[in-house]
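Everything below concerns the one structure shown next.
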Amino acid sequence: MTERVRVTGPPRHTSAGRAASRLGDVHEQTALGDVYLRSLLRAQLGLAARLLALLAVTLGVLPLAFHLAPSLIDVRLLGIPLPWLLLGVLVHPFLLLLAWRYIRSAEHNERVFADLVGGPDPQDEDGA
Amino acid sequence: MERADVPGLVAVVLVTLATLAIGTWGLRFSRTTSDFFVASRTVRPGLNASAIGGEYLSAASFLGIAGLLLVGGADMLWYPVGWTAGYLVLLVLVAAPLRRSGAYTLPDFAEARLGSGTVRAACSLLVVGIGWLYMIPQFEGAGITLRSAIGAPEWAGSLVVAGVVLANVTSGGMRSVTFVQAFQYWLKLTALLVPAAVLVAVWWGDGRPGGPGGGDGWSNPVAGDGGIGLYTTYSLIAGLFLGTMGLPHVVVRFYTNPDGHAARRTTFVVLALLGLFYLWPPVYAALGRVYGDRLVTEGRSDVLVLELPRAMLDGVGGDVLTGLVTAGAFAAFLSTSSGLAIAVSGVLTQDVTSRLVNEQRGVPAFRLAAMVAVVVPVVAALLVRNVGVAQSVGLAFAVAASTFCPLLVLGIWWRRLTDVGALAGLAAGGIGAGGAAIATLAGYAPGGWAGALLAQPAAWSVPVAVLVMATVSLATADREPPHARRFLVRLHTPESLGR
């Protein structure tokens, strides 16, 4: 199965009847519905996995880094020891940034799926 | 009563009155069963996030962290970091699908996903167990705080907190508790931030005295030396990052969002609110290094936040700040135990008391369940002594990470999960993590690796639970629920498609 599933030229705002029939494909386990659902699940799960991997290689390597290079502990920035600065202050804006990026991407994936099954898209109607 | 007790007493009375008043105000909006359970799902992200922050920041966050940082140093920073990052993991893996599942509680989710009453019963048991484990230290902490603040006997604090929680929960349910919790987040933040700012100014005025210099490992973010220290730190991280999503009082809040979109927005605001709060305990710890070494030598670092103002400031200034931090601590006990009482009574109502109160289902059954949910842990807190706030809370996180986390993640993302697989995984994780933690609490603490594996079980118990759940599910593939596909469609499709 291919990763990318693109239906060329679906009208962005179709009738409710058509949206229901496309979502019906997903519900009724037709081959096409299978493709739709798998593509959404795969996109969202891939996004989640990438974000958790990013968390692991940033926050997650800190104990190992300080364990392997203890001299880092006494490094001071702005008069604050590096561990306190990283884990006490900078970690919070970092987590917020990750969350914000995740929300944007996840809702983008859902919009793509909504377009695919031809449903109305409130995001676009809002002009967002 | 002495003059020194007055600020604490005023603070406790004011917080209690404000909590009851807001709860009564919320009662005017609370009429149906759905109001009681999930506030009729109309809570906006800003208010809902304040409420989540309000009930999440417990005694362990308000008092415990500053004391742990003072004694243990930078490796204890993983507690606040984990308690915050847990929400990022929750956002990424479960927030929106959980809301879209349309279930009230964790057992509801399990039953809807797997179509099994047995899995539902196992989840109910776990919710009640985790909830009570988390409530016992809240009631104990309340007793310790009241003794430190106004010299009351320890049972008095436990009973006062239990009484206020019960009054609130039984009178207004989730809706009024939403207002109470939101108020208490901002109260707790103010009660921590304002004294911290004043005390930093005092420290500056004193000519910025330094504490003991470096070199004693206070800034080392790894717990201890060698492989064991590294394991302990990573296992703590695993338990906290993954345990948040499985805490019953956290999860029940996600059902009060209007839709999956709002559930994500709520989580984002929660991350911001928790980050804002957790900036301040390290400030108390750093000032405690300079002014509070007496507390360390006396082994009373838990009351650092409560006693630092008077250690640094004489007269009215110290009294006012003491009153403020006491109010924050009291709010912390009230809000966390209210949230847990709601979650536990929600489960008890649906699985137990609805069957006992036959003539009038719904609200009376909820009130009866709330009585049971509060009275049992209070009695336990009065009978059992020295369970320890940090250990009980850590136990709750490790058990949640080893049971509900695999169930939620596999249930939301993996179609082949079966009821037998879920049960086997819940049993493996619950017995593994729960057993290890109970052994630790019972005082069984061997040295070396065995001790580390028991004290911080998450790093092995979570993978074991996931493996068992997945393997047994694959082995029982013929039991895959027929509606699994349809359910996953509902979890992952946006509401705008009018499912």
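The basis for the numbers below is simple: all heavy atoms, side chains too, and nothing from hydrogens, waters or symmetry mates. Residue numbers begin at 1 in each chain, while the letters A, B, ... track the order of the sequences.
- Interface summary for chain A: among Val92(B), Val89(B), Leu69(B), the most heavy-atom pairs under 4.5 angstrom belong to Val92(B).
- No side-chain donor from either of Ser61(B) and Tyr79(B) sits under 3.5 Å from a side-chain acceptor of the other.
- Counting only heavy atoms from C-beta outward, the side chains of His261(B) and Arg265(B) approach each other to under 4.5 Å.
- Counting heavy atoms from C-beta outward, Tyr185(B) and Ile52(B) have side chains that stay 4.5 Å or more apart.
- Both the backbone and the side chain of Leu271(B) come within contact range of chain A, each with at least one heavy atom under 4.5 Å from a heavy atom of that chain.
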Discussion item. Between Tyr231(B) and Ile228(B), is the side-chain contact (heavy atoms from CB on, under 4.5 Å) condition met? List the steps.
Written reply: CA-CA 5 Å; Tyr231(B) 166 84; Ile228(B) 292 181; 5.6 Å; no
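- Most heavy-atom pairs under 4.5 Å with chain B, from the set Leu51(A), Leu45(A), Leu64(A): that is Leu45(A).
- Interface remark: of the candidates Val81(B), Asp75(B), Leu91(B), Leu91(B) forms the most heavy-atom pairs closer than 4.5 Å to chain A.
- At a 4.5 Å heavy-atom cutoff, the contact between Leu87(A) and chain B is made by backbone and side-chain atoms alike.
- In this structure, the separation between CZ on Arg485(B) and CZ on Arg415(B) is 4.5 Å, given to the nearest 0.5 Å.
- Only the side chain of Pro81(A) comes within less than 4.5 Å of a heavy atom in chain B; its backbone stays farther off.
- For Leu230(B), the part lying under 4.5 angstrom from a heavy atom of chain A is the side chain only.
- The side chain to side chain contact (heavy atoms under 4.5 Å, CB included) test with Phe277(B) singles out one residue from Thr84(B), Leu189(B), Ile65(B), and that residue is Leu189(B).
- Residue Leu96(A) touches chain B through both its backbone and its side chain, counting heavy-atom pairs closer than 4.5 Å.
- Here the side chains of Tyr87(B) and Thr244(B) are in contact, with some heavy-atom distance below 4.5 Å.
- Of the two parts of Tyr234(B), only the side chain, counted from C-beta on, holds a non-hydrogen atom closer than 4.5 Å to a non-hydrogen atom of chain A.
- No side-chain heavy atom of Ile412(B) sits under 4.5 Å from any side-chain heavy atom of Arg113(B).
- Heavy atoms of Leu88(B) lying under 4.5 Å from chain A belong exclusively to its side chain.
- Neither the backbone nor the side chain of Leu47(A) comes within contact range of chain B; no heavy atoms are under 4.5 Å apart.
- The residue among Val91(A), Leu40(A), Leu62(A) with the most heavy atom pairs within less than 4.5 Å of chain B is Leu40(A).
- Interface remark: of the candidates Ala272(B), Pro282(B), Gly229(B), Pro281(B), Ala272(B) forms the most heavy-atom pairs closer than 4.5 Å to chain A.
- Residue contact with chain B, scored on non-hydrogen atoms closer than 4.5 Å, involves the backbone and the side chain of Leu59(A) alike.
- Within the 4.5 Å cutoff, the side chain of Val409(B) has heavy atoms near those of the Met245(B) side chain.
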